[in-house]
Amino acid sequence: MTDQEKILNEVTDNDYKFGFHSKIETETIPKGLNEDVIRLISAKKEEPGWMTESRLKAFRHWQTMTMPDWAHLQIPDIDYQDIIYYAAPKKEAKYQSLDEVDPELIDTFNRLGIPLEEQKQLAGVAVDAVMDSVSVKTTFQDTLAELGIIFCSFSEAVKNHPDLVQKYMGSVVPYTDNFFAALNSAVFSDGSFCYIPKGIRCPMELSTYFRINTANTGQFERTLIIAEDDTYVSYLEGCTAPMRDENQLHAAIVEIVAMENAEVKYSTVQNWYPGDKAGKGGIYNFVTKRGICKGDNSKISWTQVETGSAITWKYPSCILKGHNSVGEFYSVAVTNNYQQADTGTKMIHIGKNTRSTIISKGISAGRSQNSYRGLVRVLKGAEYARNFSQCDSLLLGDKCGAHTFPYLEVDNRTAIVEHEATTSKIGEDQIFYCNQRGIDTENAISLIVNGYAKEVLNKLPMEFAVEAQKLLAITLEGSVG
Amino acid sequence: MLDIKDLRVKIEDKEILKGINLSVRAGEVHAIMGPNGSGKSTLASALAGRNYFDITHGKILYEGKDLTELTPEDRARAGIFLGFQYPVEIPGVSMVNFLRAAINSKREYRGEKPLPAGDFLKLMREKKKVVEINSDLTNRSVNEGFSGGEKKKNEIFQMALLEPKLAILDETDSGLDIDALRIVANGVNKLRSPENATIVITHYQRLLDYIVPDFVHVLYKGRIVKSGDKKLAKELEEHGYDWIKQEVDLKA
């Protein structure tokens, strides 16, 4: 092993910052999955009959499906009967004000850096915090309500806005879509619901923070964002989990609907527990995220910084149905130790003059495997569709792997599709150059990695970008920012 | 300031430096000349702390301390600057961020607080004038897309900003046209002071028309075979290296 490799090994050997477990009393249901369990979940959530039926339909379909195996991942067998499908912090089931929330819970979110108290919300971020299966508190709800914006937990939406939920839930990701989508549709716990009425620009960033606290629980959240004509909304999602030896399952669905002239920006910083240095434990993150640009001139933009999870299976996608609609995907995916990531996007061009941009930056360290998988599909009617894809991979050390799987299906001759891909290593020369200017190796790697990912980090909202930069530094360097 | 005593360096099994002796005092400019492959760049790398070779024998003392015990970054923080022959590109990292990290790590080493952003930008503006550097250059990523001349100017700019005690310029003149050469040399001359020292490594005499050295050393086959003042450089310009090679090879 050369000195360079030793240094790389040292700096990539670091600990997970959010590995604490909160001693909150939780109410869980027994392990296992069957129709009774689904009815129980539905009952716990006091859901209307149509919702229970919808869950059961999805469950019956799921039973006919098998887990997909096309990804470049090695997924150990998952015993779906050995998972708890519902867990909620005890105490009051519903919170009328912050005073009723378990102080331990508030402390947990404070440790995660999410101030729930509105007076602390100087940054102007409205937060819906989801702990295990229950949405704990939605801040700024009243301020948003004055504009007609609905921002609440998914459960509340089912109760208070059943028309909207019934109309749009499953319209972008039907339960038949894939194995994990079917599972989520059957057992989903909670999540966020967001509705922007016609003509409104949402004045603040909307944010959801997910955390898996209870052992052996899977978190199956469901997010639905509807942006009516002439609207704008920027949505942030963050995730963490405590350290545990066993693997925990996370299978979420995010659906976005953008009408005419609507713009939705969806940013994720994913920092689930990645497992320890030997590859033990960690979250399995199997997520289906998809948005539809339904109206003309609409735009959906996905930005993700993926640093956590033992296994990531995730392809935030855009269906560009409206004419002149725009889809964007900006991604930084970091894998270290034994992490595996198979992530990318799908851009489906249906409308005329639709445009899409894909910028993917993979960073692999340790013994990890990092794959980009992206589909660009141009349908017959998509005259003058344009796509630009750039997929770069950066390797740290020589035991990790980077893979690129681009798929292009073009059925219209006027379309222009471009794909660029590069693979590079952090050069010894680059690190020495920094060293010679007085910058130590850890900081040099941090500088170089952040420089490499800059195009994507620049797309994140300001406060998120700072967090993401720190996260990259922590994931790769052990120097807690 | 710098004392190199019988320094021997091996790359894999090949001995590149075979006993170098050199003393540099504050205020002096030393030129190290020699034909290709004589070990000039290896000497520069050894001083900066590049570790792809072994120091098998000898000592490098810098301000009385054993330099080989310091990491490359600590050497830099202690005032050693290497102007690279081939400055590397670091995509996406802005010059401003890079230099701020450099200056602040140096300040931290000395127990000083980080330089406030305003002061730093002011300092950058001042130093840019020294090397007549285009202000657009510092808004770009480190060396990315720079021409050969721009890269070298950028090295001198960084030197101006970091104010080293001992600067080692490795073939800074290579690939420069005459205007760039003059600018680079002017920069070096402006930074000369009784407190700092410079080692100029070069293949050609022409740089020494602009940077006038106090001492000239000829490096050949891993040894300093001849030392003198600036007149030695002139002799080399007129007669080439052959007469020195002959002298040395005859003795051997």
Side-chain angles (χ1 to χ4, degrees), chain A residues 1-8 10-11 330 332 359 361-363 390 392-396 420 422-459 465-466 468-469 472-473 477 479 481, chain B residues 44-45 47-54 70-110 140-144 151 154-155 157-159 161-164 166-168 170:
Chain A
M1 197 186 280
T2 68
D3 282 358
Q4 192 61 46
E5 286 164 353
K6 269 184 214 153
I7 293 170
L8 279 176
E10 274 168 31
V11 298
Y330 300 99
V332 178
I359 308 280
K361 302 270 182 179
I363 301 167
Q390 185 189 329
D392 298 328
S393 309
L394 185 69
L395 301 169
L396 283 82
E420 286 176 13
T422 66
T423 301
S424 52
K425 278 182 96 161
I426 288 194
E428 223 171 294
D429 287 350
Q430 289 173 327
I431 291 174
F432 183 70
Y433 192 79
C434 295
N435 287 161
Q436 214 302 307
R437 299 301 184 247
I439 302 165
D440 62 35
T441 302
E442 277 192 26
N443 283 320
I445 291 178
S446 175
L447 263 180
I448 295 166
V449 165
N450 275 304
Y452 164 80
K454 197 163 78 178
E455 281 169 280
V456 175
L457 298 178
N458 282 349
K459 297 288 172 189
V466 174
Q469 280 194 14
L472 288 186
E477 271 118 47
S479 65
Chain B
S45 297
L47 293 174
R50 188 107 214 214
N51 59 359
Y52 57 79
F53 46 67
D54 300 317
L70 296 183
T71 59
E73 56 269 29
D74 278 347
R75 295 182 201 202
R77 293 161 183 166
I80 291 179
F81 178 89
L82 174 63
F84 286 80
Q85 185 177 3
Y86 304 109
V88 65
E89 301 188 359
I90 311 181
V93 179
S94 71
M95 279 304 298
V96 176
N97 268 347
F98 177 73
L99 287 173
R100 233 181 129 191
I103 271 204
N104 285 335
S105 62
K106 195 167 178 174
R107 290 174 70 93
E108 195 187 328
Y109 184 75
R110 291 195 299 235
R140 283 155 55 183
S141 296
V142 179
N143 294 322
E144 197 185 25
K151 281 184 183 168
N154 190 27
E155 293 293 291
F157 168 62
Q158 293 178 48
M159 176 173 120
L161 204 71
L162 295 168
E163 299 176 329
L166 175 65
I168 304 143
D170 189 8

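Values below: every heavy atom of this structure, side chains too, minus hydrogens, waters and symmetry copies. All chains are named by letter (A, B, ...) in the order of the sequence lines, taking the proteins before the strands, and each is independently numbered beginning at 1. Just so it is clear, the model here is predicted, and its values are computed rather than measured.
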Atom pairs and distances, donor-acceptor, side-chain atoms in residues 83-97 of chain B, under 3.5 Å, two or more places apart:
from    : atom 1 : to       : atom 2 : distance (Å)
B:Gln85 : OE1    : B:Ser41  : OG     : 3.4
B:Glu89 : OE2    : B:Lys151 : NZ     : 3.4
B:Ser94 : OG     : B:Asn97  : N      : 3.1

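Summarising the geometry of A:Gly438 relative to B:Ser105, their closest heavy-atom pair is O-OG, 2.7 Å, with the distance given to 0.1 Å. Closest approach of A:Arg437 and B:Gln158 over heavy atoms only: NE-OE1, 2.5 Å. Here the closest non-hydrogen pair linking A:Phe432 and B:Gly49 is CE1-C, 3.9 Å.
In this structure, chain A has heavy atoms under 4.5 Å from both the backbone and the side chain of B:Arg50. Looking at A:Tyr433, both its backbone and its side chain come within 4.5 Å of chain B, counting heavy atoms on both sides.
Inter-residue side-chain proximity for B:Arg77 and A:Asp440 is flagged as met; some heavy-atom pair is nearer than 4.5 Å.
Between chain A and the residues B:Val142, B:Leu162, B:Asn143, the most heavy-atom pairs under 4.5 angstrom are made by B:Asn143. For the set B:Ile80, B:Asp74, B:Thr71, the count of heavy-atom pairs under 4.5 angstrom toward chain A peaks at B:Ile80.
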